[in-house]
Amino acid sequence: MTTPTMPEFSEVTLDDIGEHEGRVAVVLSEPGKLHPAARRVNKLMRGALLRFAESDAFDAMKDGDAHDLAYPTGMNAKAVQVVRLAPRADVTVARKAGGAIGKSLTDTDVLVLAGPVKYADELALGAVLRAYAFDDHKSSKEDAAPGKLRLMVSRVDQFDGAADRIAAQSEGVFFTRDLVNEPANVLTTTEFADRLVALKSLGLKVKVLDEAALEKLGMRALLAVGQGSEAPSKVVVMEWMGGEKDVAPLALVGKGVVFDTGGISIKPAAGMEDMTMDMGGAGTVAGVMKTLAMRKAKANVIGLVGLVENMPDGKAQRPGDIVTSMKGDTIEVINTDAEGRLVLCDVMWYAQEEYKPAGMIDLATLTGAIIIGLGHENTGVFSNNDALCDGLLDAAKEEGEGAWRMPMGPGYDQLIKSHKADMKNVGGRAAGSVTAAQFLGRFVKEDQPWIHLDIAGTAQVAQDGPLAPKGATGWGVLTLNRLVQDMYEV
């Protein structure tokens, strides 16, 4: 598993600046204005830093932008990077600035001269998150360990406990990214379950429901998805009960399709290799639970993930099959590639029956339609409860993770009406992400606050981003951790 680099916060030590042998990142806020540590760098560079800080190039930089200067003179550093950031820039901008610094952390030590920046801890988190690299399956790896990150700040006492918080957040995000990036021949349903069981070492209570237990519970919709695979279907339940006794928990439910061929309704070959990420919802739930456990959250939260593989063989479910859910509703399977909702509906019903949660949030890489609607910038948010939904949207905004509320309504139910069963599992191309949410809504009990998050466009991206390289993003770990903190902690 990928281990994040942990930052160290220290007071400014001018003598250390010239001796640093890695990279030096100097945070500046205004043209021509240097804090004491920056003045030290400027002296060692014979005025080059100030000349740049007074130039049109620096003036054109926006908060969060970075620029590498030419090789420094009078210093041991490999390079000097100038980062523009106002002293009270918000969290999102501070993390972006950190991301610009973090790109080099994979192979060298970085000394950040943060000066009076208020959110130096958020800058550090951005650097740590961007330094992620998934190279578990590369035969040729760098011999050097990941670089160290040290931040010199004006007042180190302002950041007491920051390193522990950053560790909990980044460990959760990295756990999610590692799970989503793994190939399906490595991350089987059994391996996935084993990695979650290992979280017991952090204080989580973890139980695994096998196929016999799922059959007994009546989870035949979920089981039907995995019946064409040699990999056994499982449900893993993670409990973190850090809040007051007898307080109803928040339930997080994740879709964990470790590989999705589409089943008998098989997908086109082009791009099918990306379907290793179809367990992104379960990966996010796992990352959130790890973060909550590491920071000893004073809240009660249950994470439940349905782990299956959707494969075509002689035992696979067919278009036209009718399956019975744990709730008892029957579902006509029109398209076996709309399998995620069949997994979620049973796990959601189990979560409500077993835990009677105060709120329930499901996450899934559910529909391509949400990517058509929102691209890769925003997760689709569907909800039956304004208060819970507003809390989620506020948390996403605070964490800089895109989220956009989508409509729901009884008119969409007509699109999944079946003349043979209680409902169909698809409603056609029109409003595809909405009809998927409407389907899931039928498995939400009356008065149960609920959110459905369609993360198909945000769980994995094809280009480098400010806080993550190409591949898995870990979207949602920070947002849901913030939501727990804001709405459920005592």
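The first residue in the sequence is number 1, and the count goes up from there.
With hydrogens and angles ignored, the 3.5 Å screen pairs no side-chain donor or acceptor of Thr189 with any backbone N or O of Val308. Formation of a donor-acceptor pair under 3.5 Å by the Trp475 side chain with backbone atoms of Gly402 is found in this model. Here the side chain of Glu191 pairs no donor or acceptor atom with the backbone of Val186 at under 3.5 angstrom. Side-chain atoms of Asp121 do not come within 3.5 Å of backbone N or O of Phe159 as any donor-acceptor pair. Counting only distance, with no hydrogens or angles, the side chain of Asp135 and the backbone of Lys138 share no donor-acceptor pair below 3.5 Å. A donor-acceptor contact shorter than 3.5 Å links the side chain of Arg84 to the backbone of Phe58.
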Q | Thr276 and Phe259: CA distance, side-chain angles, deciding distance, side-chain contact (heavy atoms from CB on, under 4.5 Å) verdict | A | CA-CA 5 Å; Thr276 56; Phe259 193 77; 3.9 Å; yes
Q.
Please determine whether side-chain contact (heavy atoms from CB on, under 4.5 Å) holds for the pair Met360 and Met348, giving the CA-CA distance in whole Å, both sets of side-chain angles, and the decisive distance to 0.1 Å.
A. CA-CA 8 Å; Met360 180 170 65; Met348 287 166 58; 3.9 Å; yes
Q. What do the steps show when you test Thr3 against Phe174 for side-chain contact (heavy atoms from CB on, under 4.5 Å), and what is the final call?
A. CA-CA 7 Å; Thr3 303; Phe174 277 30; over 6 Å; no
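Proximity of Val237 to Tyr355: side-chain heavy atoms (C-beta onward) are separated by under 4.5 Å at one or more points. A 4.5 Å side-chain heavy-atom check between Leu196 and Leu199 finds at least one atom pair inside the cut-off. Side-chain atoms of Leu187 and Met279, non-hydrogen and from C-beta on, do get closer than 4.5 Å to each other. Residues Asp486 and Glu398 form no side-chain contact, since every pair of their non-hydrogen atoms from C-beta on lies 4.5 Å or further apart. Proximity of Thr188 to Val258: side-chain heavy atoms (C-beta onward) are nowhere separated by under 4.5 Å. Side-chain contact between Gln438 and Met408 is present, with heavy atoms from C-beta onward closer than 4.5 Å.
Relative ring orientation between His67 and Phe52 is described as parallel, the plane-to-plane angle staying below 30° on a 0-90° scale split at 30° and 60°.
Contact check on Glu171 versus Arg295 returns no salt bridge, with no Lys/Arg side-chain nitrogen under 4.0 Å from an Asp/Glu carboxylate oxygen.
The number of heavy-atom neighbours closer than 6.0 Å to CD of Glu489, taken from other residues, nucleotides and ligands shown, is above 12. Around the NZ atom of Lys103, the shell of radius 6.0 Å holds no more than 12 heavy atoms that belong to other residues, nucleotides or ligands. The environment of Lys296 atom NZ is dense: over 12 non-hydrogen atoms of other residues, nucleotides or ligands sit within 6.0 angstrom.
The two residues Leu388 and Asn385 come nearest to each other via the heavy atoms N-OD1, 2.8 Å. When all heavy atoms are compared, the tightest approach of Val253 to Val285 is C-CG2, 3.9 Å.
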